[in-house]
Amino acid sequence: MGTMEKRKLNNNWNVNSWKNYKLLQQPTWPDEKKYNSVIKILHEYPSLIFPDQINQLKYRLTQVQEGKAFLIQGGECAESFKEFSEQSIKNKLKILFQMATIISYGSSIDTVKIGRFAGQYAKPRTSLTETRNGITLPTFRGDSVNEVDFNLKARTPNPDRLLEAYHKSTATLNLIQPIIKNKFKNLKHFWNIEMLNHSKIYNRFDKTIKEVNKSLKFLNTISNDINLFSEKKFNEFYISHECLLLGYESALTRFYNNSYYNASTHLVWLGHRTRNLNSAHVEYLSGIENPIGIKCGPNLDLKDLESILRKINPLNEKGKIVLICRFGSKDIEKELPPLIKMISKNKFNVVWSCDPMHGNTYKYDNKYKTRNFNAITKELEIFFDIHYNSITNANGVHFELTPNDVTECVGGIRNIKESDLHLKYETSCDPRLNHEQSIELAFLITDLIKTKR
Ligand code: PEP
Ligand code: CO
């Protein structure tokens, strides 16, 4: 598609034009000189993801929009420097691959897997500061900015952390590179379920996996080519993170073949708190070729979103925009239909994805941020229902999850209670689904695709 043409539509864009717009959610770096020197270093560093890989995701999202594939995006709310390890990366991948296998097999649909991985280190926050026992400190903004510990040194933004985020993203990507490059051969590795041996969901999962293995064996006996084909699809994986720290994002933006690409990831998304026509984030995103997620939450300004879509996707390209709806189970019935109406009226090309996590957060005992599994499933069901009764399609889902056996979201098959939250509450940001709850949701999504799509 004519990128020259696209830039003609936004003549004033350049990698730094966002600096002339409304800057939201940026940390105050105390040592500006040091910050500038770090940004300069990042500007020279190698790309993590290349244009052909980004264009490939765009093509796959086109298929998602056309209903030929289903999108599964998920991972941590925030990746953590402290939990960075080979095992934790492998386990996170495993969950997404298991969910995708359950959904693909159970509902006979191809899936596109995108991780909130390899760069999801920065967080938007509602408050600038946090107060505990009368002491007020800067809020935690993700490991690429400061530390979660509650003391002044830890909470002071430190630009060296941006470099660490880059290096950790690179190392994460290095581990998953054979998958991304379709060179990973041992599929069974992802299906091993020792983590769920104790669970009531084990039987259903075990049965699904046995059936998948049987089908693959069958395909193998009739043709080697088919097996190769299924392996190729199974291997496919993409990465994503929130486009938040614009200094970092623009330092890693590269010019190839007359176009600009954010070379740190395949897809970036615009958060609920920075989604504003005049925001620096919208300006930056309007100049890059990557697919872009847009979070849509309660009190959405439809006129503003309409203008944002015209600015970010002026040629109305397919596979470019993923609308990630996160209204909450209470607001979705009121908010989603007018949004669908606006998009349909304008014939905007979008992928419809549901994030049933962020609109269902509440605080228990003034201490534990949590989400109720029933509210999560309810929002998903309503999302599918509304699309089922409209000309649009439920195209995908967006989750925060962890392979660990945490107690952060209440409910689910083991019925975690609010009074159990303290048992294994480990998140530094939002409450995540544990492994068991994630698998349970994959079965629910399978059923929803089968009945409501
Ligand atoms: C997130 O995805 O972690 C997030 C902060 O979401 P939102 O912008 O939808 O609140
Ligand atoms: Co979150």
Side-chain angles (χ1 to χ4, degrees), residues 24-27 71-80 83 92 96 114-128 139-145 148 165 239-246 249 265 267-276 279-282 285 291-301 304-305 308 321-332 335-336 339 351-363 368-372 375-376 379-380 383 396-402 406 408-409 425-434 437-438:
L24 301 166
Q25 294 286 343
Q26 304 302 294
L71 170 66
I72 303 174
Q73 187 178 10
E76 304 272 355
C77 178
E79 286 178 284
S80 138
E83 279 168 29
K92 275 187 259 183
L96 284 177
I114 308 182
R116 287 173 64 117
F117 287 170
Q120 176 52 17
Y121 286 111
K123 298 308 298 172
R125 300 317 296 254
T126 308
S127 323
L128 287 175
T139 193
F140 171 61
R141 289 182 174 276
D143 275 356
S144 56
V145 176
V148 71
I239 58 167
S240 68
H241 65 254
E242 176 168 353
C243 171
L244 193 70
L245 303 175
L246 291 172
E249 304 295 345
T265 193
L267 175 145
V268 275
W269 75 85
L270 176 67
H272 182 55
R273 292 163 190 77
T274 47
R275 193 201 57 243
N276 180 311
S279 79
H281 292 82
V282 169
L285 290 169
I292 291 163
I294 302 180
K295 291 284 200 108
C296 297
N299 304 316
L300 184 65
D301 179 340
D304 194 62
L305 180 65
I308 290 173
I321 303 285
V322 181
L323 287 186
I324 309 168
C325 305
R326 35 86 84 218
F327 294 114
S329 63
K330 290 199 181 73
D331 286 328
I332 181 168
E335 302 254 7
L336 183 58
L339 170 59
V351 165
W352 289 102
S353 173
C354 178
D355 163 2
M357 311 295 292
H358 287 87
N360 294 310
T361 320
Y362 69 96
K363 229 175 194 171
Y368 297 105
K369 249 203 217 178
T370 187
R371 292 160 174 158
N372 190 317
I376 293 170
E379 181 162 2
L380 270 174
F383 181 82
V397 285
H398 183 116
F399 292 119
E400 288 184 343
L401 41 81
T402 168
V406 299
E408 296 173 6
C409 291
Y425 194 92
E426 295 178 348
T427 182
S428 57
C429 205
D430 286 341
R432 304 156 297 176
L433 299 164
N434 61 28
Q437 290 168 328
S438 307

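Ligands are counted one by one from 1 in listed order, and the atoms in each one are counted from 1 as well.
- Not a single N or O atom of Asp430, backbone or side chain, sits closer than 3.5 Å to an N or O atom of ligand 1.
- The closest side-chain heavy-atom distance from Arg125 to Phe140 is below 4.5 Å.
- Atom 8 (O) of ligand 1 has its closest protein heavy atom at His272 N, 2.9 Å.
- Which parts of ligand 1 touch Arg326 is read off a 4.0 Å heavy-atom cut-off, strictly below it: atoms 7 (P), 9 (O), 10 (O).
- Residue Glu242 has no N or O atom closer than 3.5 Å to an N or O atom of ligand 1.
- Residue side and main chain included, Cys429 places no N/O/S atom under 2.8 Å of the Co ion (ligand 2).
- One N or O on the side chain of Tyr425 and one on the backbone of Lys369 form a donor-acceptor pair closer than 3.5 Å.
- The one candidate from Lys330, Glu379, Arg326 that meets the side-chain hydrogen bond (donor to acceptor under 3.5 Å, both in side chains) condition with Asn360 is Glu379.
- At distances below 3.5 Å, not a single donor-acceptor pair connects side-chain atoms of Glu400 with backbone N or O atoms of Asp430.
- Those atoms of ligand 1 with a heavy atom of Gly271 less than 4.0 angstrom away are 8 (O).
- Contact of the Leu323 side chain with the Ile294 side chain is registered, since non-hydrogen atoms from C-beta on lie closer than 4.5 Å.
- Inclusion of His398 in the set of residues having an N or O under 3.5 Å from an N or O of ligand 1 is not warranted.
- For ligand 1, the atoms sitting less than 4.0 Å from at least one non-hydrogen atom of Arg116 are 1 (C), 2 (O), 3 (O), numbered in the order shown with element in parentheses.
- Every atom of ligand 1 is numbered from 1 in the order shown, and the set under 4.0 Å from a heavy atom of Arg273 is 5 (C), 7 (P), 8 (O), 10 (O).
- Met357 places none of its side-chain heavy atoms less than 4.5 Å from the side chain of Leu401.
- Donor-acceptor pairing under 3.5 Å is lacking for the side chains of His281 and Glu242.
- Side-chain atoms of Gln73 and Ser240 include a donor-acceptor pair closer than 3.5 Å.
- Not a single heavy atom of Met357 sits closer than 4.0 Å to an atom of ligand 1.
- Of the residues Lys295, His398, His272, the one that meets the side-chain hydrogen bond (donor to acceptor under 3.5 Å, both in side chains) test with Asp355 is Lys295.
- One finds an angle of 90° at the Co ion (ligand 2) between OD2 on Asp430 and SG on Cys77, to the nearest 10 degrees.
- Scanning all protein heavy atoms for the shortest distance to atom 5 (C) of ligand 1 gives Pro124 CG, 3.7 Å.
- At the shortest separation from atom 6 (O) of ligand 1 among protein heavy atoms lies Lys295 NZ, 2.9 Å.
- Inclusion of Asp355 in the set of residues having an N or O under 3.5 Å from an N or O of ligand 1 is not warranted.
- Interface of Glu400 with ligand 1, defined as ligand atoms under 4.0 Å from a residue heavy atom, comprises 1 (C), 2 (O), 3 (O).
- The backbone N or O of Glu76 sits less than 3.5 Å from a side-chain atom of Arg116, completing a donor-acceptor pair.
- Judged purely by atom type and a 3.5 angstrom limit, Glu408 uses its side chain to pair as donor or acceptor with the backbone of Glu426.
- Heavy-atom proximity to Cys77, at under 4.0 Å, picks out these atoms of ligand 1: 3 (O).
- With a 4.0 Å cut-off on non-hydrogen atoms, His358 touches ligand 1 through its side chain and not its backbone.
- Residue contact check for ligand 1: Lys123 places a non-hydrogen atom closer than 4.0 Å to it.
- With contacts defined as side-chain heavy-atom distances shorter than 4.5 Å, the pair Leu245/Pro27 qualifies.
- Between the Co ion (ligand 2) and the N, O or S atoms of Glu400, the shortest distance is to OE2.
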